[in-house]
Amino acid sequence: MLRLEHIGIAVRQLEESNELFRKLLGEAHYKIETVESEHVSTSFFKVGETKIELLEATHPDSAIAKFIEKRGEGIHHLAFEVADIRAEIDRLEAEGFVPLNREPKRGADNKWVAFLHPKSTNGVLVELCQNID
Ligand code: CO
C-alpha cells in the first residue's frame with residue numbers, strides 16, 4: 001500500500017454536506033463526479049496528502065443508500081493507493097482477505113478500484129485504488 005488516498009463518507013445530501021465540509025476544512029471541494037455504474041454522486045476535498053470523498057446515492061439500489069439505511073451517515077470506506085491493483089488483490093486474497101470484486105472497476109477520480117469485504121477487515125470497508133494513466 002502506498003498511502004491512505006482518501007476517506008469515503010456516506011451522506012444524504014451532497015450539496016448540504018459540501019457546504020458543511022467547506023466550513024470544516026476551510027476549502028471547497030475541487031470536483032463533483034457521478035459514477036453511473038455505482039449509482040453515486042461524489043465530491044472530493046483535498047486535505048494535505050489525502051482526500052475526503054463524499055458519496056450520495058443517486059438510486060435506492062445504491063450501496064450508499066443501503067449503508068445509510070442501515071447505519072446512518074458516516075465513514076463508509078478507507079481507500080489505499082496501490083501501485084499494482086491486480087497484484088495487491090492476489091496478495092490480499094492469499095492473506096485471507098475477501099475481495100468484493102476480483103476484477104478492478106472504473107471508479108471516481110480516474111482510478112481503478114477494488115474493495116475488500118468488511119467481514120475480513122474488522123468491519124472496515126477497504127478500497128484499493130490505482131490511477132488510470
Ligand atoms: Co472511494
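Below, all heavy atoms of this structure are taken into account, side chains as well, without hydrogens, waters or symmetry copies. What you see is a predicted model; the values in this text were computed from it and never measured. Atoms within a ligand are numbered from 1 in the order they appear, just like the ligands themselves.
Panel note: side chain Thr42, backbone Leu55; no donor-acceptor pair is recorded below 3.5 Å.
Ion pairing between Glu88 and Arg86 fails under the 4.0 Å rule for side-chain N and carboxylate O.
Among the backbone and side-chain atoms of His76, no N/O/S atom is found under 2.8 Å from the Co ion (ligand 1). The Co ion (ligand 1) has an N, O or S atom of His77 closer than 2.8 Å.
The angle that Glu53 OE1 and Glu127 OE1 make at the Co ion (ligand 1), rounded to 10°, works out to 170°.
Inter-residue side-chain proximity for Asn131 and Glu81 is flagged as met; some heavy-atom pair is nearer than 4.5 Å.
Between the side chains of Ser41 and Thr34, a donor-acceptor pair is found at a separation under 3.5 Å.
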